[in-house]
Amino acid sequence: MLVRTRFAPSPTGYMHIGGMRTALFNWLWARHHGGQFILRIDDTDQARNQETALGPILRAFKWLGLNWDEGPEVGGPYAPYFQSQRGDLYRAAADRLLAEGKAYQDFSTKEEIDADRKQADREKRPYINIRRSLDLTDAQRQQFLAEGRPWVLRFQIPRDQKIVLHDLIRDQVEWDAALLPDPVICRADGSPLYNFATVVDDSQMQITHVIRAEEHLSNTPIQILLHQALGNPLPEFAHVPYVAAPGSKEKLSKRKIDQYRKNPQFQRMFQRGDEVFPKIGLTQPGQPGSAAFDPVMVEYYEKIGYLPAAVLNALGRIGWSLDEKTEILSLQTLVENFSLDRVVKAPAGLDPDKLYNFQGHWMKEFSLGPKVHHCLSFLVAAKLVAEPITPPVRDFVTKVVVAMGDRLKIFADILDAAFFFTDTFEIDEKNFDKRVRKEGVPALLSAFRQHLAELPDYSAASLEADLHTFCTARGEQSGTLVHAVRLSITGQAVGPGLYDCLVLLGRETVLTRIDAAVKRVA
RNA sequence: GGCUCCAUCGUCUAACCCGGUUAGGACACAGGGUUUUCAUCCCUGCAAUGCGGGUUCAAAUCCCGCUGGAGUCACCA
């Protein structure tokens with residue numbers, strides 16, 4: 001049988017990183033079995049602007065390289081793939097259920113239902129529908145309809161059943177149908193609700209495996225009953241644990257962003273976002289940078305310069321493992337080895353540290369050309385490099401990237417090398433005081449500046465030997481001068497090799513910056 | 001509160017199904033080495049089976065209870 005999985009996001013305007021993990025597992029399961037992966041848009045809540053709300057979601061899939069065989073933009077044999085355009089299907093199914101007496105028109109008002117619920121609460125028994133509308137005579141029903149009384153369509157739960165699910169991840173889970181309230185399947189305006197539309201769609205689209213987050217586990221008995229009522233063959237279900245906030249067991253949620261800012265493990269990501277996004281023009285007015293893109297969104301990782309391979313690797317290791325030691329997983333490895341029976345049952349926190357570590361690994365594997373290309377985008381966005389990119393500029397940036405080496409972890413790190421592109425770079429005052437504003441150092445710096453100006457061979461190779469000779473001759477430790485020069489020409493205490501900086505900046509700039517530093521001390 | 005799920009180092013996990021490991025790996029952290037910075041790299045260290053009962057020669061592993069955590073209870077998805 002051809003494996004068909006689906007991911008069915010509602011267009012919320014961003015792609016949730018936890019949702020992305022669920023989508024990845026669906027995609028992997030399909031690819032592992034040579035099956036198909038379908039993207040369906042659950043937009044039965046019409047209130048949203050679909051163009052802008054769906055864009056980021058599709059973009060996230062494309063960025064990570066997770067293609068879909070059917071869905072938006074590509075179509076497919078079960079089109080349309082937007083629930084908002086599939087009304088006929090839902091209507092037909094609803095009519096059938098109504099005609100067969102498996103669903104009923106409920107005229108209850110909200111007030112009545114609230115009262116019933118409170119009553120059940122008082123009596124400490126679980127609430128289930130009283131089904132008063134079922135007692136209506138045909139004449140009364142016609143009367144109500146003629147009066148235009150609003151009604152919803154409710155599925156009539158067969159209360160004499162036990163529902164047994166054989167979940168591919170959680171094994172056997174059981175419910176007593178007698179405890180389940182009758183779910184509304186169509187609103188007063190006739191539009192379908194999630195539980196119903198999903199069942200109709202999964203069946204019509206021939207989905208074989210419903211792989212979704214654990215929070216849907218409690219929807220499953222209703223969906224199983226609905227499938228049975230409709231006479232559908234049951235798909236397999238697999239409920240993966242949700243992705244939790246770092247260091248917690250709570251579901252990662254966009255609504256808790258403010259609280260995450262204080263989360264010790266998340267904090268650095270927010271801070272980096274606050275630093276970087278304003279520099280590349282991705283801020284919302286009057287808001288910190290991370291307000292536009294926060295680490296709950298997949299977009300954050302793209303915008304700040306993570307590699308798809310790193311994000312995929314991290315996502316693939318949340319709640320799944322290949323064996324007792326493999327950590328580095330390419331998408332290819334994931335496809336070859338993915339299995340649902342190795343999915344862990346307990347929720348797992350997103351681990352920013354580990355993601356960062358994976359990023360370090362994949363960045364080392366990433367080749368120079370594309371690396372330069374991405375860095376260029378950041379430099380242009382930060383207005384440190386002007387477009388169009390000329391060959392000399394590209395060459396220069398390539399040299400900077402090479403000099404940065406493994407210090408370039410995420411692409412935004414290239415902005416730490418702003419001093420290569422502008423004279424108005426930031427100066428680390430604390431270290432400037434420590435390394436430059438010190439007895440004897442300005443004089444040493446001035447002397448060295450003079451020495452550099454007169455040097456016949458200004459190249460990395462000779463510069464290093466030369467600086468040592470210079471220091472030895474004056475009885476100074478070379479470290480003193482190295483640090484002082486670094487602070488003077490880069491403003492920072494850390495960074496690429498000093499001699500690389502000296503050469504890349506060029507003699508003229510170096511002399512000017514040393515002069516400025518010396519002047520700054522006075 | 002009802003229903004349902006879950007429980008191994010700080011974190012992500014392996015071993016659990018089919019009882020016997022000094023409970024393994026990775027990240028983080030700490031210390032050391034390399035690199036006159038930082039990053040990388042190498043070495044070392046730290047650190048876990050929630051509790052209580054069973055079953056058994058033997059329990060992280062099987063069973064029961066407890067505790068704890070979480071999800072869900074809409075005319076949202």
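Owing to the predicted nature of the structure, the values given are computational and were not obtained by experimental measurement. Labels below follow one simple rule: chain letters A, B, ... track the order of the sequence lines, proteins then strands, and each chain is numbered from 1.
- Remark: the separation of the P atoms in B:rC5 and B:rA58 is 32 Å, to the nearest Å.
- The interatomic distance linking A:I185 (CD1) with B:rA77 (P) rounds to 13 Å, in whole Å.
- Within the nucleic acid shown, A:R317 comes within 4.0 Å of at least one base atom, counting heavy atoms only.
- A salt bridge is defined here as a Lys NZ or Arg NE, NH1 or NH2 lying under 4.0 Å from an Asp or Glu carboxylate O, and A:D42 with A:R40 meets this definition.
- Nearest-nucleotide positions on RNA chain B place A:S321 closer to the 5' end than the other of A:S321 and A:V494.
- Nucleic acid contact for A:R117: sugar-phosphate only, since backbone atoms but no base atoms lie under 4.0 Å from a heavy atom of the residue.
- Salt bridge status for A:R272 with A:D413: present, with a side-chain N to carboxylate O gap under 4.0 Å.
- Each of A:V482 and A:V173 lies near RNA chain B, and the nucleotide nearest A:V173 is the one positioned closer to the 5' end.
- Using a 30° and 60° split on the angle between ring planes, A:H374 and A:F366 fall in the tilted class, from 30° to 60°.
- Between A:K249 and B:rC12, a side-chain N or O to OP1/OP2 separation shorter than 4.0 Å is present.
- For a distance-only test at 3.5 Å, the side chain of A:E214 fails to qualify as a donor-acceptor partner of the base of B:rG71.
- The nearest whole Å value for the distance from the OH atom in A:Y499 to the C1' atom in B:rU35 is 12 Å.
- Ring pair A:F470/A:H451 is tilted by interplanar angle, where 30° to 60° counts as tilted.
- Side-chain contact between A:F237 and A:R212: present, with at least one pair of heavy atoms (C-beta onward) separated by less than 4.5 Å.
- The A:H216 side chain lies nearest to B:rA77 when the options are B:rG71, B:rA77, B:rU13.
- Note on A:R187: a side-chain N or O is less than 4.0 Å away from OP1 or OP2 of B:rC76.
- If you check every strand for non-hydrogen atoms under 4.0 Å, A:D176 touches nothing.
- Using a 4.0 Å heavy-atom distance criterion, A:V184 is classed as a sugar-phosphate-only contact.
- Counting non-hydrogen atoms under 4.0 angstrom, A:A348 reaches the backbone sugars and phosphates but no base.
- Heavy atoms of A:G497 sit under 4.0 angstrom from at least one base atom.
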Show me the protein contacts with nucleotides 17-24 of chain B, counting only N or O atoms at under 3.5 Å.
{"from": "B:rG24", "atom 1": "N2", "to": "A:E324", "atom 2": "O", "distance (Å)": "2.9"}

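- When heavy atoms are screened at a 4.0 angstrom cut-off, A:G495 is found touching base atoms of the nucleic acid.
- A salt bridge links A:E123 with A:R125: the distance from a Lys NZ or Arg NE/NH1/NH2 to an Asp or Glu carboxylate oxygen falls below 4.0 Å.
- Rounded to whole Å, the P atom of B:rU61 lies 9 Å from the corresponding atom of B:rG50.
- Looking at heavy-atom distances under 4.0 Å, A:H468 makes contact with a base.
- Separation of the P atoms belonging to B:rC66 and B:rG71 is 22 Å when rounded to the nearest angstrom.
- For B:rC12, neither phosphate oxygen OP1 nor OP2 lies less than 4.0 angstrom from any side-chain nitrogen or oxygen of A:R342.
- The aromatic ring centres of A:W151 and A:F144 sit 6.0 Å or more apart.
- Rounded to whole Å, the separation between the P atoms of B:rU55 and B:rC64 comes to 15 Å.
- As judged by a 4.0 angstrom heavy-atom cut-off over every strand, A:E327 is placed among the base-contacting residues.
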Using the 3.5 Å cut-off, write out each protein N or O paired with an N or O of nucleotides 39-45 of chain B and the distance between them.
{"from": "B:rA39", "atom 1": "O2'", "to": "A:D406", "atom 2": "O", "distance (Å)": "3.0"}
{"from": "B:rU40", "atom 1": "O3'", "to": "A:K364", "atom 2": "NZ", "distance (Å)": "2.7"}
{"from": "B:rU40", "atom 1": "O2'", "to": "A:D406", "atom 2": "OD2", "distance (Å)": "2.9"}
{"from": "B:rC41", "atom 1": "OP1", "to": "A:K364", "atom 2": "NZ", "distance (Å)": "2.9"}

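- Between B:rG54 and B:rG19, the two C1' atoms lie 15 Å apart (nearest whole Å).
- Classification of A:K162 and A:E174 as a salt-bridged pair fails, no side-chain N sitting under 4.0 Å from a carboxylate O.
- Nucleic acid contact for A:E174: sugar-phosphate only, since backbone atoms but no base atoms lie under 4.0 Å from a heavy atom of the residue.
- Distance check on atom P: B:rA59 versus B:rU22 gives 14 Å, rounded to whole Å.
- Checking B:rC3, B:rG71, B:rC75 against the side-chain heavy atoms of A:W175 singles out B:rC3 as nearest.
- Counting distance only, with no hydrogens placed and no angle test, the side-chain atoms of A:K354 and the base atoms of B:rC12 include a donor-acceptor pair under 3.5 Å.
- Between A:D353 and A:R268 a salt bridge is recorded (basic side-chain N to carboxylate O distance below 4.0 Å).
- Residue-to-nucleotide contacts include a donor-acceptor pair under 3.5 Å from the side chain of A:N219 to the base of B:rA77.
- The aromatic rings of A:F419 and A:F425 stand perpendicular to each other, their planes meeting at an angle above 60°, with 30° marking the opposite boundary.
- Between A:D116 and A:R132 a salt bridge is recorded (basic side-chain N to carboxylate O distance below 4.0 Å).
- A:D42 comes within 4.0 angstrom of the backbone, heavy atoms only, and of no base.
- Comparing the same atom, C1', in B:rG52 and in B:rU11 gives a spacing of 28 Å after rounding to whole Å.
- With distances taken from any side-chain atom of A:N357 to the nucleotides B:rA74, B:rC27, B:rC3, the minimum falls on B:rC27.
- Atom CZ in A:R159 sits about 17 Å away from atom P in B:rC3, given to the nearest Å.
- For A:K251, whose side chain is taken as the heavy atoms from C-beta onward, the closest listed nucleotide among B:rU72, B:rA28, B:rC6 is B:rU72.
- The aromatic ring centres of A:F196 and A:F155 sit 6.0 Å or more apart.
- When heavy atoms are screened at a 4.0 angstrom cut-off, A:P496 is found touching base atoms of the nucleic acid.
- Put simply, A:S218 has no side-chain N or O that comes within less than 4.0 Å of OP1 or OP2 on B:rC73.
- As rounded to the nearest Å, B:rA48 and B:rA26 have C1' atoms that lie 15 Å from one another.
- Across all strands, A:R435 comes closer than 4.0 Å to no nucleic acid atom at all (heavy-atom distances).
- Electrostatic pairing of A:E214 and A:K345 does not count as a salt bridge here, judged by no charged N lying under 4.0 Å from a carboxylate O.
- At a threshold of 4.0 angstrom between heavy atoms, the contacts of A:A346 are confined to the sugar-phosphate backbone, with no base atom among them.
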